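Reviewing the structure listed below.
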There are 2 protein chains.
Amino acid sequence: MLQKYTHDTRILLAIDCIIFGFDGEELKLLLIKRNFDPEKGKWSLMGGFLNETEDLEEGAKRVLNELTGLENVYMEQLQAFGEITRDPVERTVSVCFFALINIHAHDSELSRSMNGYWFNFKDKPDLIFDHNKMVNMALSQLRYKAALHPLGFELLPEKFTIPQLQKLYEAIYDMHLDRRNFSRKIISTGLLIDTGEKNENSATKKAMLYQLDAEKYKNNFNDFHNFISDFKW
Amino acid sequence: MLQKYTHDTRILLAIDCIIFGFDGEELKLLLIKRNFDPEKGKWSLMGGFLNETEDLEEGAKRVLNELTGLENVYMEQLQAFGEITRDPVERTVSVCFFALINIHAHDSELSRSMNGYWFNFKDKPDLIFDHNKMVNMALSQLRYKAALHPLGFELLPEKFTIPQLQKLYEAIYDMHLDRRNFSRKIISTGLLIDTGEKNENSATKKAMLYQLDAEKYKNNFNDFHNFISDFKW
DNA sequence: GCAAAAGTGTTACCTCTACACCCATGT
DNA sequence: ACATGGGTGTAGAGGTAACACTTTTGC
């Protein structure tokens, strides 16, 4: 390797993860109680520092795994946050990722690590530093993307019913959707495969279980849809 | 300030700017010939390093200003790029911004600094490091946002005609748009104010000059539109 | 049998697209 | 007058929203 650059400001790079979950009813946010100063005891996003030997995505996955045991989770970079005084200890730039996970499918990993606590998104506490801002931006981004791309599936079990999917979208946008129109929109994407099975959990009529057409999902992920047409941004 | 964190990886933070311009006909990209090693003499994005005393947005504005003389330009963070080997000199994480500027309105600043060269986007040369990837992502992001929000105005003079705006959109998406439908879509946003003036440059019928309703633009920027409905993403 | 949840069909409305015509200007 | 570019109108297609009815299941 050549000689290093002469510029002398080298900065601590944090990684923070906004982890969204869904339990079938409510949109959730995974938070952790900070166990070191400053702000010890306050709620915080899952975070860590970037190492020399990993790139940003690897770092984000590592941080997530170390704190929750989770693996193979949908993650996407939000953006970098760099206010000078965002961390009182020292100048730190944080690169934020948001992750989508299906809570029930990952119960075991999560309970094993016991580091985090799932808040209903609506009841989330005040967070340290600029984490509130990060979370708000992540929600905007989630809403933005999920309205246009078939992102929501990441928060559901492998096999799911259309009413479950609708509940998820209603939780994300905090609004009511018409059952019949929603169903038609989703079916018309062609992304769902009828498994032939029925949901045994339902107390009344059992709903059909679908699963993603993985191939189509990958290839058509960037197609535009309009799942949520009258949402007020 | 408290004691610093014990984590010991502190990283050089680069800032790179993807600068889009429009000259009335073609979408342009402002590049610079790198005048230091490595890759001296090759084309590169406008870039620099983050200083201790500035946050990311300030840094991006400073870098842009130092290299081009430009001020008061629309800028938005794209994302951070952190591949370990992205810069052969040393580990560097780059936070990317993209900027939109109206070339003619900034002729004087730009010619004074003479650091950059405007390429037609389609003819852009191969760039150093991961800058090609950054540019491609920035174009995607520009297309994405400009299809849904009234972003394009940033690339035009203060007073502009609807045909000019259409040419801009055609350049961004590299496709032909229907004159009449485009005009109706734009007018229906209610963002344009008829100045009563006419474009004197036109060789034939002079087109009406509009300007942005600044108040509405600010307040309704996040409203959803659908300026480009049949673009293949 | 009844309540609750799930599946499906229909209609009115609205938006978008594709197209044709007219107007203003310079040569 | 004619070529070129700009402004506007309209009919048909397609998509969306609002609505009602039927089916399945547990009690």
Side-chain angles (χ1 to χ4, degrees), chain A residues 24-25 146-148 150 156-157 159-171 173 175-211 223-233, chain B residues 24-25 146-148 150 156-157 159-171 173 175-211 223-233:
Chain A
E25 293 295 331
L148 302 169
L156 292 177
K159 296 178 181 178
F160 54 86
T161 69
I162 292 187
Q164 282 173 348
L165 185 60
Q166 179 175 346
K167 272 197 176 148
L168 167 61
Y169 273 85
E170 290 181 335
Y173 297 92
M175 70 187 287
H176 171 76
L177 299 172
D178 183 89
R179 219 159 32 91
R180 298 152 273 205
N181 296 332
F182 182 80
S183 165
R184 218 174 308 114
K185 273 188 189 177
I186 295 294
I187 296 286
S188 75
T189 62
L191 291 172
L192 299 192
I193 299 172
D194 187 342
T195 62
E197 300 168 58
K198 301 229 165 182
N199 181 7
E200 290 302 320
N201 299 330
S202 171
T204 62
K205 181 170 181 174
K206 281 123 172 63
M208 300 192 278
L209 281 165
Y210 290 89
Q211 61 186 24
D223 287 1
F224 263 48
H225 300 278
N226 194 357
F227 296 121
I228 310 292
S229 29
D230 51 352
F231 183 69
K232 279 292 150 241
W233 308 80
Chain B
E25 293 296 330
L148 301 169
L156 291 177
K159 295 177 181 179
F160 54 88
T161 69
I162 292 188
Q164 282 173 348
L165 186 60
Q166 179 175 346
K167 274 200 176 144
L168 167 61
Y169 273 85
E170 291 181 335
Y173 296 93
M175 69 187 285
H176 171 75
L177 298 172
D178 183 88
R179 220 158 33 87
R180 298 152 272 206
N181 296 332
F182 182 80
S183 165
R184 220 174 308 112
K185 274 187 189 178
I186 295 295
I187 295 286
S188 74
T189 62
L191 291 172
L192 299 192
I193 299 172
D194 187 344
T195 63
E197 301 167 58
K198 301 231 164 183
N199 182 8
E200 289 303 319
N201 300 330
S202 171
T204 61
K205 180 171 182 176
K206 281 122 172 62
M208 299 193 279
L209 281 164
Y210 291 89
Q211 61 185 25
D223 286 1
F224 263 47
H225 299 278
N226 195 357
F227 296 120
I228 311 292
S229 29
D230 51 353
F231 182 69
K232 279 291 150 238
W233 307 82

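No experiment lies behind these values; they were computed from the predicted model shown. Per chain, numbering begins at 1; letters A, B, ... match sequence-line order.
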Legend entry - Side chains of B/Tyr169 and B/Leu165 in contact at under 4.5 Å (non-hydrogen atoms): yes
Inset, instruction - Could you tell me whether the side chain of B/Ile162 reaches within less than 4.5 Å of the side chain of B/Ile187, counting heavy atoms only? - result: yes
Listing time: all N or O pairs from protein to nucleotides 4-11 of chain D that are below 3.5 Å?
from, atom 1, to, atom 2, distance (Å)
D/dG5, O4', B/Thr204, OG1, 2.8
D/dG6, N7, B/Arg179, NH1, 3.4
D/dG7, OP1, B/Met208, N, 3.1
D/dG7, N7, B/Arg179, NH1, 2.8
D/dG7, O6, B/Arg179, NH1, 3.4
D/dG7, O6, B/Arg179, NH2, 2.9
D/dG9, O6, B/Arg184, NH2, 3.3
D/dT10, O4, B/Arg184, NH2, 3.1

Legend entry - Atom-to-atom span, NZ of A/Lys185 to C1' of D/dG14 - whole angstrom: 14 Å
Inset, instruction - Anything under 4.0 Å to a heavy atom of chain B counts; send over the first and last such nucleotide of DNA chain C, read 5' to 3'. - result: C/dC16 to C/dG26
Inset, instruction - Report yes if the side chains of A/Tyr210 and A/Leu156 come closer than 4.5 Å at any heavy-atom pair, otherwise no. - result: no
Legend entry - Residue pairs involving residues 195-209 of chain A (criterion salt bridge (Lys or Arg N to Asp or Glu O under 4.0 Å); sequence neighbours excluded): A/Lys159-A/Glu197
Legend entry - Note, A/Lys185 side chain near A/His225 side chain (heavy atom, < 4.5 Å): no
Inset, instruction - Write down the distance between NE2 (A/His225) and P (D/dG14), rounded to a whole number of angstrom. - result: 19 Å
Legend entry - Student check: side-chain heavy atoms of B/Phe227 and B/Leu148 closer than 4.5 Å: no
Inset, instruction - For the residue pair A/Tyr173 and A/Phe231, categorise the inter-ring angle as parallel (less than 30°), tilted (30 to 60°) or perpendicular (more than 60°). - result: perpendicular
Inset, instruction - Count the heavy atoms belonging to other residues, nucleotides or ligands that lie under 6.0 Å from NZ of B/Lys167, then report whether that count exceeds 12. - result: no
